[in-house]
Amino acid sequence: MPELPEVEVIRTELNSKIINQKIKNISNFWHKTFVNYCQELPINDNIINTDRIGKYIIFQLENNYLVIHLRMTGQLIFTENSNFSTKHLRSSIELFSGSYLNFYDSRKFGRIYHVSELKSILSNVGIDALSEDFTNKHFKNMLFKQKRGIKSFLLDQKYIAGLGNIYIDECLFLSGIHPKKLTNEIKNKDAEKLYLNIKKILNLAIENMGTTISDYRTTGGGFGTNQNFLKVYNRENEECFRCNSIIQKINNEAFVYIFI
DNA sequence: CTAATCACCTGAAGGC
DNA sequence: TGCCTTCAGGTGATTA
């Protein structure tokens with residue numbers, strides 16, 4: 001499912017395609033997908049810039065923003081003409097260039113918000129995991145103030161934004177930390193290791209164009225390749241690469257792995 | 001405060 | 001073939 005790396009690949013690809021393009025029309029085919037907090041649709045607005053916080057993609061318009069969350073199955077597909085599939089098409093942004101940015105979403109969980117202020121949507125979203133302001137010190141401050149399972153903490157977007165099941169499992173595995181380990185009991189050295197692995201694994205996944213397990217696609221409809229390098233996610237009942245024991249799943253929530 | 005559960009939705013996969 | 005159940009899991013709301 002799309003997490004920070006997938007969303008960042010999509011944002012980067014779109015950046016070169018839609019900046020300085022003018023919106024001609026927006027068509028919506030599922031009543032909940034497009035959430036308009038403004039008076040009108042942003043027709044005739046220029047797309048000035050793109051940004052990303054956690055799993056949210058942000059299009060800065062002239063006076064307001066489009067904020068997109070793909071949730072589980074959302075896809076943003078860019079096409080240069082009107083010859084495209086309408087299966088699972090929930091929203092379509094037509095540009096004056098004749099191109100379309102189409103939002104496909106089989107499960108209908110994804111959203112496009114049209115807002116005049118970002119805080120109306122992003123007020124509960126914490127610091128982006130790849131932000132330069134997200135430092136090791138900042139991480140440890142948040143970590144040691146909590147007393148909860150480390151995976152649950154990392155999943156909570158109000159502290160660190162962008163991590164989901166795939167990359168949390170990979171980061172914890174690489175750091176040798178059990179997903180249910182309590183945050184306040186994690187050793188200083190392990191916390192630092194985890195911090196560095198978060199940055200490392202996210203950046204590697206971006207280089208690999210994201211992880212395609214089922215629905216994630218790049219804006220041209222292509223697959224990522226990072227699924228070929230996963231060490232623990234999606235490997236239930238397979239042998240651990242480190243100790244050869246069998247990887248087990250707990251509560252649909254996390255993976256357990258046994259160390260030598 | 002945290003944890004657990006449900007709701008939102010659909011399609012794929014597996015059992016019978 | 002077909003019906004039924006389970007599972008995938010991001011987020012927000014609700015309950016304990």
Should [X] be listed as having a side-chain N or O under 4.0 Å from OP1 or OP2 of [N]?
X        : N      : answer
A/His69  : C/dG10 : no
A/Ser152 : B/dA3  : yes
A/Lys180 : B/dT2  : no
A/Gln146 : B/dT2  : yes

Legend entry - Centroid under 5.5 Å and tilt under 30°, A/Phe109 to C/dT11: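 Taking the rule of under 5.5 Å and under 30°, the ring of A/Phe109 does not stack on C/dT11.
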
Once you apply a heavy-atom cut-off of 4.0 Å, does [X] come out as touching a base, just sugar-phosphate, or nothing?
X        : answer
A/Gly149 : sugar-phosphate
A/Tyr159 : sugar-phosphate
A/Met1   : sugar-phosphate

Inset, instruction - Dot-bracket for DNA chain B, please, read 5' to 3', with Watson-Crick or G-U wobble pairs under 3.5 Å on both distances, ( ) within the strand, [ ] crossing, | other strand, . unpaired. - result: .|||||||.|||||||

Legend entry - Protein-nucleotide distance (A/Arg111, atom CZ; B/dA7, atom C1'), rounded to Å: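 In whole Å, B/dA7 C1' lies 12 Å from A/Arg111 CZ.
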
Legend entry - Distance in angstrom units between A/Leu70 CG and B/dC9 P, rounded: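 Interatomic distance, CG of A/Leu70 to P of B/dC9: 17 Å.
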
Legend entry - Minimum-distance nucleotide to A/Ser106 side chain [options: B/dG11, C/dT11, C/dG10]: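 Between B/dG11, C/dT11, C/dG10, the one nearest the side chain of A/Ser106 would be B/dG11.
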
Inset, instruction - Could you tell me whether the side chains of A/Ser97 and A/Gln21 share a donor-acceptor contact shorter than 3.5 Å? - result: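 Short answer, yes.
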
Legend entry - Donor-acceptor pair between A/Thr183 and A/Arg148 side chains, under 3.5 angstrom: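 No donor-acceptor contact under 3.5 Å links the two side chains.
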
Inset, instruction - Using the P atom as the reference point in each nucleotide, state the distance between C/dA8 and B/dT5 in Å, no decimals. - result: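 My reading of the P atoms in C/dA8 and B/dT5 gives 16 Å.
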
Inset, instruction - Spell out, as yes or no, whether a donor-acceptor pair under 3.5 Å connects the side chain of A/Arg52 to the backbone of A/Gly54. - result: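 Yes; judged by distance alone, with no hydrogens or angles, the pair exists.
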
Inset, instruction - Return yes if the base of C/dA8 and the side-chain atoms of A/Arg107 contain a donor-acceptor N/O pair under 3.5 Å, otherwise no. - result: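 Present.
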
Inset, instruction - Apply ring pair (Phe, Tyr, Trp, His ring centres under 6.0 Å) to A/Tyr65 and A/Phe59, showing your working. - result: CA-CA 6 Å; A/Tyr65 304 88; A/Phe59 297 161; over 10 Å; no

